[in-house]
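So you know, we letter chains A, B, ... as the sequences are listed, proteins then strands, and number each from 1. Bear in mind that the values here come from a model prediction, so they are computed numbers and not experimental data.
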Amino acid sequence: MSRRSMLASGLAAGLCAFASSPLAAQDFAISNAHIADGLGGEPVHGTITVRGGRISSISAGPAPAGAIDADGAWVTPGLVAAYSVLGLAEVNAVSSADDREADDSPYNAALDAADAVNPSSVALGVTRADGITRVATVPAPGNDIFGGKAAVITMAEGVADPVVVSDAFQVMALGEGGAQLAGGARTAAYARLRDAFLEARAFARNRAGYDFGRTEDALLTRADAEALVEVIEGRTPVLVSVHRASDIRRVLALKEEYPRLDMMLFGVSEGWLVADEIAAAGVPVMAVPMMNLPVSFEALASTQSNIGRMIDAGVEVAVVDIGTSTITPRLAQQAAQLVAQARIPGATGVTHAEALKAITSVPADMIGLEDAGRLAPGALADIVIWDGDPLEATSAPVRLFIGGVEQPLDTRQRRLRDRYNPSAQESALPPQYTRPR
Amino acid sequence: MRNLIALVGALAVGACATANANQSGTATASSEPIPVIDKNPYASTYRPYGSVPTLLTGANIYDGAGGRIMGGQVLMVDGKVAAIGQTVEAPAGTETIDAAGKWVTPGVIDVHSHLGDYPTPSVMAHSDGNEVSGPVTAEVHAEHAVWPQDPGFSRALAAGVTTLHVLPGSANLFGGRGVTLRNVPARTVQGMKFPDAPYSLKMACGENPKRVYGSRGRMPASRMGNFALYRKTWQDAVEYDRKWDRWEEKVENGTAKASDMPDRNLQMETLRGVLDGEILVQNHCYRADEMALILDLAKEFGYHVSAFHHAVEAYKIGDLLAEADTCAAMWADWWGFKMESYDGIQENIPFVEAEGACAITHSDDEIGIQRLNQETAKAWADGNRAGLNIPAETAWTWVGVNAAKAIGLEDEIGSLEPGKRADVVLWNGDPLSNYSRPEKVWIDGALMYDVETGMRPVSDFELGQPGEGDTK
């Protein structure tokens with residue numbers, strides 16, 4: 001993944017500097033901070049300095065003049081969601097306000113989240129106020145095992161184009177989900193996969209002649225073939241959703257057939273049963289800590305120890321939140337479950353530093369942001385100052401910076417809150433007349 | 001409410017004494033026996049499991065009724081809370097557990113669960129939570145679909161949930177009867193039923209009923225249709241109630257003739273139970289304006305709404321809820337997944353509390369039921385960040401006495417008051433932290449979960465499957 005990631009990082013930096021024009025990045029320092037780096041290191045007490053939108057130093061030294069005094073508060077990198085629907089769905093159950101899935105479209109792999117993403121979605125502000133600064137926004141497979149291309153976007157306010165990494169990864173469903181999409185069985189999903197890849201290779205060999213002589217019922221559009229060539233050649237990673245241990249093994253074996261595939265796994269409820277094999281394949285994983293029920297026959301071995309056991313085996317795991325109940329991911333609470341798990345006899349969890357890493361630098365690396373999600377010299381200055389332990393239910397960000405630009409923590413929800421706050425003064429007029437001025 | 005339990009209890013006992021429906025009965029003037037209707041045909045067979053007198057010492061305690069004791073003691077004897085305080089007298093032979101540095105709470109109550117009715121694995125064959133064949137199905141019972149082998153029960157137990165109220169879903173205007181369960185493994189739903197707990201009637205407003213039936217070209221296809229059908233059905237119920245009241249009066253004064261007994265209608269019978277205050281209304285409703293209309297509907301036909309469920313906009317009408325003595329059972333922060341949840345805010349629960357209404361944290365979810373403590377903590381902190389000053393021990397009432405009140409059981413559970421059932425959770429830290437988990441859970445004084453010894457139930461379904469008996 002490294003070549004693409006370097007490119008993506010370059011792109012990200014360029015876009016960020018350009019797109020942040022409404023609010024300029026400032027040079028500043030945060031001192032007296034309890035700094036957790038997001039790389040798995042133990043927290044240190046000290047000062048972070050920021051120059052030109054990037055972190056220039058982290059030291060235990062004295063505070064420079066004019067530094068923001070964090071007063072001992074936790075300071076972390078902005079959290080990174082490797083999977084979200086942000087900017088794609090405003091209200092899940094309102095189809096006109098939901099661009100996740102295109103189940104009536106003839107196109108699948110070609111669908112690009114970047115074409116639909118809306119930086120003005122109120123969900124972005126709510127997400128930012130929870131300490132999340134960059135996310136992948138991911139289309140869902142609707143009509144094929146291929147769902148389209150994810151885009152990585154910034155949560156920064158006032159950005160005309162929030163996309164910082166385009167073509168971040170292709171989405172592919174296998175397991176039960178893929179089976180349903182392909183026609184009712186896992187066998188169909190694999191037949192679909194191989195046929196589509198065959199077509200895409202034919203397209204790559206002769207782009208100009210690809211349509212020549214094809215019948216109307218060919219199973220891959222030109223646009224989809226174009227997107228899949230990037231996957232087969234490893235220029236676009238592919239995120240494969242899969243849960244059952246045997247399905248995971250089968251997916252890992254795909255690398256023998258398609259050696260350049262740059263693969264990541266999603267879901268992976270039974271990953272702990274084959275953790276050594278995932279680790280040996282060097283395939284990173286996105287998984288949900290709270291998932292501990294046999295919700296389907298492909299997830300019978302679900303346990304909250306899954307992620308801890310995979311990490312122990314050497315798998316890179318990004319914590320994601322895919323709740324259907326809310327459109328904003330609750331990353332910190334998800335990660336905290338892994339810490340809780342470590343305190344239960346017989347269960348496997350992770351340390352606080354590892355849990356934080358799983359929602360910062362690990363997901364950042366997976367979505368092509370190798371200079372975000374970490375507090376380290378040279379990294380993008382995505383920084384959150386918290387009012388408590390960042391993984392605690394009771395904590396919230398108090399100040400937040402993206403690329404060195406301080407961000408508002410105001411949200412539509414907070415305006416509703418302020419309008420109806422029981423401790424606020426009653427107005428003689430209806431609440432509709434109350435809003436910030 | 002106390003009267004209600006007494007009433008339901010008496011009815012239940014009465015029913016047990018009576019053999020079968022429509023058989024034995026009272027003698028009358030005409031000497032023809034009057035059929036008696038068994039009001040409790042699927043009676044609870046739950047009996048508390050064995051317990052020993054147990055004293056927890058040095059514990060930090062949220063008592064569930066709004067109190068807190070640091071470094072205190074709780075004594076359980078014969079399945080009941082016998083004493084609570086800084087120090088209490090324990091009888092000889094009491095088992096003492098050192099809970100220093102740990103926390104103790106009453107067992108968590110979830111007033112909105114579909115465990116058993118929508119069990120895992122979530123396959124179509126298991127989808128039993130909505131009788132979507134018609135918008136008015138007050139005659140169906142959630143208990144008739146509860147699969148006791150749902151693995152979700154054991155997960156909820158490991159999270160400190162000792163009582164849950166299982167409701168039909170929200171596809172229908174009148175969804176059917178909800179049932180309260182003890183969270184104990186059993187072969188049958190009767191073995192889980194909370195003895196003599198009142199049934200509820202699940203009702204639903206808003207998007208779901210009109211979507212489900214509107215899409216089939218049936219009423220209701222709009223919110224107008226929702227209300228028109230509520231009103232028509234309640235009017236039928238009022239007339240049914242009147243007819244049966246007259247009949248029972250005759251039975252009472254010995255002038256009844258068996259041949260005059262009114263026809264029994266199971267749908268109407270549930271609604272009559274509501275009008276008589278025996279069955280509690282649990283009303284799925286998101287928007288403030290709709291909840292206000294439902295409160296007027298209840299006044300129009302003479303019943304009480306025990307709780308609104310989800311109540312995403314309850315924060316806009318806390319005063320109306322307080323005035324109506326209607327609880328709001330809410331998520332901490334769910335929003336945006338449907339239009340009527342768009343105005344969700346993270347301070348909903350504490351704002352309802354601050355308006356003096358009955359606030360409850362609920363789950364409606366097999367994952368959420370495992371962290372009602374964390375959801376409570378989130379909402380509590382958000383409320384205080386918005387300028388409220390709610391103590392942590394008050395926040396625990398949201399899964400304590402307030403939840404018990406909504407399901408008509410505030411005299412039995414929800415707090416660690418002497419005489420109440422000894423549903424007790426020993427936590428390895430402050431339960432208002434994401435890092436804390438139960439170490440031990442007692443139900444009616446019987447130890448049902450113990451992390452130290454690995455004592456945890458494994459459902460029949462999970463036997464022989466990968467991960468059997470794992471910590472989950």
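Of the atoms belonging to A/Arg412, it is side-chain heavy atoms, and not backbone ones, that fall under 4.5 Å from chain B. Only the side chain of B/Arg371 comes within contact range of chain A, with at least one heavy atom under 4.5 Å from a heavy atom of that chain. Residue A/Leu293 touches chain B through both its backbone and its side chain, counting heavy-atom pairs closer than 4.5 Å. Only the side chain of A/Val94 comes within less than 4.5 Å of a heavy atom in chain B; its backbone stays farther off. With a 4.5 angstrom heavy-atom cutoff, A/Glu270 touches chain B only via side-chain atoms. Of the two parts of A/Thr411, neither the backbone nor the side chain holds a non-hydrogen atom closer than 4.5 Å to a non-hydrogen atom of chain B. For chain B, no part of A/Thr348 is nearby; none of its heavy atoms comes within less than 4.5 Å. Heavy atoms of B/Glu366 lying under 4.5 Å from chain A belong to its backbone as well as its side chain. Both the backbone and the side chain of A/Thr394 come within contact range of chain B, each with at least one heavy atom under 4.5 Å from a heavy atom of that chain.
The greatest number of non-hydrogen atom pairs below 4.5 Å with chain B, out of A/Asn306, A/Val126, A/Asp98, is found for A/Val126. In terms of non-hydrogen atom pairs under 4.5 Å with chain B, the most contact-rich of A/Arg343, A/Gln333, A/Gln341, A/Arg414 is A/Gln333. In terms of heavy-atom pairs under 4.5 Å with chain B, the best-connected choice from A/Glu90, A/Arg417, A/His352 is A/Arg417.
There is a side-chain donor-acceptor pair under 3.5 Å between A/Asp389 and B/Tyr435.
Residues of residues 340-347 of chain B that come within less than 4.5 angstrom of chain A, heavy atom to heavy atom, are B/Tyr342, B/Asp343, B/Gly344, B/Ile345, B/Gln346, B/Glu347 in numerical order.
Here A/Arg128 pairs with A/Glu157 under the salt bridge (charged side-chain N to carboxylate O under 4.0 Å, His left out) rule; sequence neighbours left out. Legend: residues meeting side chain to side chain contact (heavy atoms under 4.5 Å, CB included) with B/Asn389, ordered by chain and number and at least two apart, are absent. A search for salt bridge (charged side-chain N to carboxylate O under 4.0 Å, His left out) contacts involving B/Glu353 returns nothing, not counting sequence neighbours.
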